Each structure stands twice: as C-alpha cells, then as structure tokens.
Amino acid sequence: MKRGVDHIGVTVCFYCYDDAGRLLLQKRSPHCRDEQGTWDCGGGAVEFGESFEEAAIREIYEEYCCSPLKLTFCGVNNVLRTHNNQKTHWVCLVFAAHINPKDVSIGDPKKIEDLKWFKTDYLPQPLHSMYLAHLALVKNQVASLQT
C-alpha cells in the first residue's frame with residue numbers, strides 16, 4: 001500500500017533558515033515522486049513510532065547532513081492534490097529549523113539536484129505547489145523571516 005494514495009500519509013516538512021533570515025531551498029531532481037524541477041523545502045514521511053519532532057530532525061539530517069540548532073512547530077496542513085490523474089492525501093506537519101549554513105550539504109543526491117539560500121522576497125521559480133501555503137505558517141512563527 002502506498003502512503004498518500006491508498007491511505008492518508010503523514011509527513012513533516014521543514015523550512016530551514018539561517019541567522020540572516022535566508023531560507024534553504026532544494027531543487028527537486030528528475031527522480032522525485034512528483035513536481036520534479038521545482039524548488040521546495042525539505043520533508044519526508046513520519047515513520048512508525050516516531051514523534052513529529054524526531055521525524056523532522058531525522059529528515060533534516062538525511063537531506064542536509066546537519067542537525068537543527070532550534071526546531072519550531074509552525075502548524076499543520078491537509079494536503080489534497082492530484083498527480084498523474086491520481087488523488088493524493090497527506091497531513092503535513094510544518095516546522096521551521098534554524099541551521100548553520102556551514103554545516104549543510106546534499107545528503108540525498110538522488111532526490112536533490114541543488115541547494116541554495118534565498119531571501120523570502122527573492123524566491124526562485126518554479127516553486128513546489130505547497131511551498132507558499134506552508135511558508136505562510138512558518139512566517140507566523142519565525143520573526144526573522146518577516147519581509
């Protein structure tokens with residue numbers, strides 16, 4: 001059975017930021033499940049027995065090879081989309097993660113084509129379909145990301 005397709009998937013996403021209020025975005029590779037070539041925050045499924053925070057910390061390490069200095073829960077979103085004419089359903093727990101840019105590197109080169117830092121008012125295009133909706137939740141919790 002496939003998460004998000006045969007049953008509701010539970011996922012975390014994380015908006016990593018630095019002391020200058022920049023956001024780390026990853027370009028999704030051609031090997032990603034969907035929305036290839038878009039710029040996105042990091043994220044991944046919650047594994048059985050994990051807390052939401054544990055899932056976010058694990059995924060940050062797997063994708064960016066670092067640990068957050070601070071992790072803030074920002075909200076939850078019910079994500080209903082269609083991909084390849086198939087409906088998907090995810091519950092996404094949104095986090096903000098303060099990280100040190102010097103510690104960051106690509107941990108999953110199969111799924112991450114590129115990593116770059118951006119100011120919130122100069123985001124790259126195209127963005128993942130859920131990026132701005134989740135960013136609004138993060139901006140409500142992290143004062144340094146206000147524009």
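Small disclaimer: the values here were computed from a predicted structure and weren't measured. What you see below is based on every heavy atom in this structure, not just the backbone, and it leaves out hydrogens, waters and symmetry mates.
In the hydrophobic clustering (ILVMFWY side chains linked at under 4.5 Å, chained through shared members), M130 is joined by V79, W90. The hydrophobic cluster of Y122 has no other members, since no ILVMFWY side-chain heavy atom comes under 4.5 Å of it.
A donor-acceptor pair is defined here as one N or O able to donate and one able to accept, closer than 3.5 Å; no such pair exists between the side chain of S144 and the backbone of G21. Within the 3.5 Å criterion, the main-chain N or O of E47 finds a donor-acceptor partner in the side chain of E50.
R3 is not listed as a side-chain neighbour of V10, based on a closest heavy-atom distance of 4.5 Å or more. Put simply, the side chain of L123 reaches to within 4.5 Å of the side chain of L132, judged on heavy atoms.
C13 is linked by a side-chain contact (heavy atoms from CB on, under 4.5 Å) to Y15, C41, C92, V94, H134, counting only residues two or more places apart in sequence or in another chain. Applying the salt bridge (charged side-chain N to carboxylate O under 4.0 Å, His left out) test to E54 and every residue at least two apart in sequence or in another chain returns nothing. Among residues two or more places apart in sequence or in another chain, the side-chain contact (heavy atoms from CB on, under 4.5 Å) test is passed with T38 by R28, E35, P126, H128. Contacts of E53 classified as salt bridge (charged side-chain N to carboxylate O under 4.0 Å, His left out), with partners at least two apart in sequence or in another chain: none. Under the side-chain contact (heavy atoms from CB on, under 4.5 Å) criterion, K110 pairs with H31, D108, not counting sequence neighbours. Remark: K2 pairs with V5, D6 by the side-chain contact (heavy atoms from CB on, under 4.5 Å) rule, at least two apart or across chains. Checked against side chain to side chain donor-acceptor pair (under 3.5 Å), E63 has the following partners two or more places apart in sequence or in another chain: Q26.
Under the 4.0 Å criterion applied to side-chain N and carboxylate O atoms, K27 and D40 are not assigned as salt-bridge partners.
Residue pairs satisfying the ring-ring contact (aromatic ring centres under 6.0 Å, His included) criterion with at least one member in residues 41-65, sequence neighbours excluded, are listed as follows: F14-Y64. For the salt bridge (Lys or Arg N to Asp or Glu O under 4.0 Å) condition, no pair includes a residue of residues 86-103, sequence neighbours left out. Residue pairs that meet the salt bridge (Lys or Arg N to Asp or Glu O under 4.0 Å) test with at least one member in residues 9-20, sequence neighbours left out, are D18-R22.
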